[in-house]
Amino acid sequence: MTTTGNNTPRVYIRGMGSIAPWRSAEDLATAPAGARLVCQEPVYEEWIDARQLRRMSRVIRLGVTAGMMALREAQVPMPGGIVMGTGYGCMEDTGSFMTKMVTLREEALNPTPFIQSTHNTIGSQLALLLGCQAYNQTFTQGAFSFEHALLDAVLHVKEDPSRTLLAGGVDEITDISHALWKRFGVFREDGVRSLGMFKEGSGVLHGEGAACFLLTGAPSATDVATVEGIETLYKPSQGVLQRRVEQFLASAGITAADVDVVLAGAGGASQDDALLVELCRTSFGGSSRGFYKHLCGEYPVATAFACWLGADILRAGRVPQGVLQVDAGRTPRYVLVFNQYFGTHYSLVLLRSCHATA
Amino acid sequence: MEQLMADLKRQIIEALNLKHLTPAEIGDDQPLFGEGLGLDSIDALELIVLLQQQYKVKIDNPQDGPKIFRSVRTIAEFITAHKPA
């Protein structure tokens, strides 16, 4: 759906937070390459009370802290709802709980990993930390988890523009999950981490991250960007994908020529990327085009990182070095996040600069 | 008893992830819940599991929980009295 049609109010990103393997342009040169792209984690004690922190597993810390970052940037101490998306959920606690089930023969199992093994623990821990008793929802639809969380939050804001909704996506790599993926040979292990990996097209990096956005329908001078539309497509043909992209942009009142920057979610495997890369080349020939999965890796909610990157581009008015594949030299007003996940899940998120007039 | 209490303090810190504490900072008679160490109901469940896993001791009557888990010393006394031979 697009969010701007029928004279409905715009949805503004007032604040955002991201914890990812990549934080800024400087990181690309300095961050160590490895088989996994793991998050550069903050000092959690600066964000979460030590008494609550002790019981949180890593993915919960990632999600809660990214949420706290968004709230702080937005200067909104209490959101009117929390909507999270996670494809994998709390795998570390799940692995811990299941391992103990086996080793302890299903007796005397520790309660904490069990309690925290469910996907909705991230949003609920955030609510407990804030004392937020408002709407709390978690979406777990694989590689559409973040898109649906964002869509839900957008719909709430459109229903009541005075509300503030915190929407986010978070997924983690654990030793167990990486070992399992490795057995299937899904991810590359050589640690190559540059735009060159897309030309080569020979493999995908395993990634993780958390990104949250404080959304509201009431504009302010400090808003980062607006969310103009969200669309998901499962296993589309080339024709269907092209038609739906055109319809999506048309319903937002623009054409492909108006899109200044396309952030393409190519993963690095040529057969999965082919449809996306070809459509970006043919439909967005006049736009700047960049990639982001050499920065964050592949994971179900990588779109959340891309949206953070896209909104940051709109706020800064420029695309960071190390992202651009083709530079059209245009001032960013519209950024299209065009994700794909292993050639099956495709999604579109259109972001607009708060300074755009068209 | 002294050795058992020292072991318990170390095990409690590990099981409850109380990384900000050292065993020396937990008093033998310091209340574990409420205003003492500030533990809560989930911690109580973790302590029950700890007793079962480490000492093979079960609490048959849940009503006894507050009395048993009042301090490290009361836990040690309960283990000493109920540990299988």
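Bear in mind the structure is a predicted one, so any value in this text is a computation, not a measurement. In what follows, chains are A, B, ... by sequence order, proteins preceding strands, each numbered from 1.
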Item checked: Residues, nucleotides or ligands: over 12 heavy atoms within 6.0 Å of F114(A) CZ -> no

Item checked: Portion of L109(A) that has a non-hydrogen atom of chain B nearer than 4.5 angstrom -> backbone

Note to self: Give me each pair satisfying salt bridge (Lys or Arg N to Asp or Glu O under 4.0 Å) with a member in residues 108-127 of chain A, each pair once, sequence neighbours excluded.
What the structure shows: none

Next item on the list: Using non-hydrogen atoms and a 4.5 Å limit, figure out which bit of L16(B) sits close to chain A: side chain, backbone, both or neither.
Entry: both

Margin query: Using every non-hydrogen atom in the two residues, find where G168(A) and A149(A) come nearest and quote the distance to one decimal.
Written below: O-CB, 4.1 Å

Check: Are L51(B) and F78(B) side-chain neighbours, meaning at least one heavy-atom pair lies under 4.5 Å?
Finding: yes

Check: Considering only heavy atoms from C-beta outward, does the side chain of V170(A) approach that of M84(A) to under 4.5 Å?
Finding: yes

Pairs of donor and acceptor atoms, chain B with chain A, under 3.5 Å:
residue, atom, partner, partner atom, Å
L16(B), O, R54(A), NH1, 2.8
N17(B), ND2, R54(A), O, 2.6
D40(B), OD1, R55(A), NH2, 2.8
D40(B), OD2, R55(A), NH1, 3.1
D40(B), OD2, R55(A), NH2, 3.3
D43(B), OD1, R54(A), NH1, 3.2
D43(B), OD1, R54(A), NH2, 3.3
D43(B), OD1, R55(A), NH2, 2.8
D43(B), OD2, R54(A), NH2, 2.7
D43(B), OD2, R55(A), NH2, 3.0
E46(B), OE1, N110(A), ND2, 2.8
E46(B), OE2, T112(A), N, 3.1
E46(B), OE2, T112(A), OG1, 2.5
Q53(B), NE2, A108(A), O, 2.8
Q53(B), NE2, N110(A), OD1, 3.3

Checklist line | Residues in side chain to side chain contact (heavy atoms under 4.5 Å, CB included) contact with A153(A), at least two apart in sequence or another chain | finding: V83(A), L165(A), A167(A), L215(A)

Note to self: If the condition is salt bridge (Lys or Arg N to Asp or Glu O under 4.0 Å), which residues does R73(B) pass it with, not counting sequence neighbours?
What the structure shows: D28(B), D29(B)

